[in-house]
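Beneath this line is the structure, given in structure tokens, with notes to follow.
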Amino acid sequence: MENLAYKMTDSHPVLEYGQVLSEVERLFMVENGFGRIKAVQAASCLLKPEKGDRVLLALAPTGESHILAVLERASGPDSERRIIFDGPVHIEGRDDLRLTAAQDLTLSSANKLTAASESLEVNTAFGLARFKKFTYIGRMLHGQVERVKMIGQSLDLVFRRVVQRLTASYRYVAEHEEVQAASTRWLVDGTMIMHSRNSIIKSEKHVKVEAEQIHLG
């Protein structure tokens with residue numbers, strides 16, 4: 001029968017301090033009390049080691065060496081920290097999960113960025129969005145704004161019904177304006193004025209004008 005106790009004792013790693021000298025394709029050259037050795041970043045060491053960092057090493061009797069943790073950062077407390085994962089990553093919170101930054105917070109993806117929730121709330125003093133193509137699908141869109149300004153090359157709207165309630169409306173058309181409808185009705189409480197250089201009224205059947213006074217010419 002094999003001596004399991006001897007095997008466990010023989011497999012115990014040795015912990016050592018070291019300093020990162022260089023990195024080549026995720027393989028780190030580290031200097032410690034035994035000299036210079038090659039070590040890989042352990043899966044539990046989330047912070048990526050950098051040149052000059054003081055690290056904690058695990059030296060196995062088989063010759064394998066792992067960086068367990070970054071103890072001190074050589075570039076100072078204001079330098080960038082990088083956490084790198086190999087393969088898919090899933091971070092799950094059983095309760096609330098918050099990401100807080102004192103300065104900027106950036107989310108970026110090379111392919112697709114997806115957000116799914118029962119409700120979405122965004123509060124900001126200034127917003128800017130750039131889309132090459134934007135598609136919205138929903139049952140209702142409700143907005144309250146003080147002022148809207150839009151500049152574009154073309155606008156196509158397709159609706160079954162449109163209702164507008166305006167206090168005042170001004171529309172300036174530099175070139176041509178055309179309305180095609182099955183029927184048109186204008187109701188004006190006050191005065192209706194139509195002014196043009198030339199006017200043409202063409203009807204296939206009847207033209208009816210009713211007023212208390214009619215002035216032509």
Any side chain to side chain donor-acceptor pair (under 3.5 Å) involving residues 20-36? Give me the pairs, sequence neighbours left out, ordered by first then second residue.
Glu23-Lys48, Arg26-Asp86

Can you sort out the partners of Arg98 under side chain to side chain donor-acceptor pair (under 3.5 Å), two or more places apart, ordered by chain and number?
none

For Glu80, which residues count as a side chain to side chain donor-acceptor pair (under 3.5 Å) partner, sequence neighbours excluded?
none

Clusters formed by hydrophobic residues whose side-chain heavy atoms approach within less than 4.5 Å: which one holds Met29, and what are its other members?
Leu21

Residues 208-217 vs side chain to side chain donor-acceptor pair (under 3.5 Å), sequence neighbours excluded, gives Lys208-Glu210, Gln213-His215

Pairwise side chain to side chain donor-acceptor pair (under 3.5 Å) hits with a residue in residues 139-159, at least two apart
none

Distance (rounded to the nearest 0.5 Å) between Leu59 CG and Ile37 CD1:
4.5 Å

Among pairs that include at least one residue of residues 104-131, which meet side chain to side chain donor-acceptor pair (under 3.5 Å), considering only residues two or more places apart or in two chains?
Glu121-Asn123

In the structure I gave you, are the side-chain heavy atoms of Ile84 and Gln41 within less than 4.5 Å of one another anywhere?
no

Same cluster or not: Leu155 versus Ile151, using hydrophobic residues (I, L, V, M, F, W, Y) connected whenever any side-chain heavy atoms lie under 4.5 Å apart?
no

Set of side chain to side chain contact (heavy atoms under 4.5 Å, CB included) partners for Glu72, sequence neighbours left out
Arg54

Between Ile137 and Leu141, is there a shared hydrophobic cluster once you connect ILVMFWY residues whose side-chain heavy atoms come closer than 4.5 Å?
no

Identify all side-chain donor-acceptor contacts of residues 181-196 below 3.5 Å with residues at least two apart in sequence or on another chain.
from	atom 1	to	atom 2	distance (Å)
Ser196	OG	Asn198	O	3.0
Ser196	OG	Ser199	OG	2.5

Check whether any side-chain N or O of Asp53 sits under 3.5 Å from a backbone N or O of Ala74 as a donor-acceptor pair, and report yes or no.
yes

Report the C-alpha distance between Glu16 and Val30 in whole Å, list the side-chain angles of each, state the deciding distance to 0.1 Å, and finish with yes or no for side-chain contact (heavy atoms from CB on, under 4.5 Å).
CA-CA 11 Å; Glu16 276 285 329; Val30 183; over 6 Å; no

Counting neighbours of CD1 on Ile201 that are heavy atoms of other residues, nucleotides or ligands and sit closer than 6.0 Å, is the number greater than 12?
no

Pair up each side-chain donor or acceptor in residues 157-174 with any protein partner under 3.5 Å, not counting sequence neighbours, and list the distances.
from	atom 1	to	atom 2	distance (Å)
Arg171	NE	Glu177	OE2	3.3
Arg171	NH2	Glu177	OE2	2.8

Of all pairs that satisfy ring pair (Phe, Tyr, Trp, His ring centres under 6.0 Å), the ones with a partner from residues 114-141, not counting sequence neighbours
Phe131-Phe134

Assess whether side-chain contact (heavy atoms from CB on, under 4.5 Å) is satisfied between Leu56 and Tyr17, documenting all intermediate values.
CA-CA 5 Å; Leu56 178 64; Tyr17 296 117; 4.3 Å; yes

Is there a path of hydrophobic side-chain contacts, each under 4.5 Å between heavy atoms of I, L, V, M, F, W or Y residues, that connects Val40 with Val24?
no

Measuring only between side-chain heavy atoms, which start at C-beta, is Leu15 closer than 4.5 Å to Leu57?
no

Given a cutoff of under 4.5 Å between side-chain heavy atoms of I, L, V, M, F, W and Y, with clusters grown through shared members, what are the other residues clustered with Met140?
none

Please assess Glu178 against His176 for the test side-chain hydrogen bond (donor to acceptor under 3.5 Å, both in side chains), listing each intermediate value before the final yes or no.
CA-CA 7 Å; Glu178 181 175 342; His176 177 70; 3.2 Å; yes

Write down the atom of Gln19, the atom of Gly52, and the distance for their closest heavy-atom approach.
NE2-O, 3.5 Å

Option among Leu68, Val70, Val55 that satisfies the side chain to side chain contact (heavy atoms under 4.5 Å, CB included) test with Cys45
Val70

To the nearest 0.5 Å, tell me how far His66 NE2 sits from Phe28 CZ.
12.0 Å

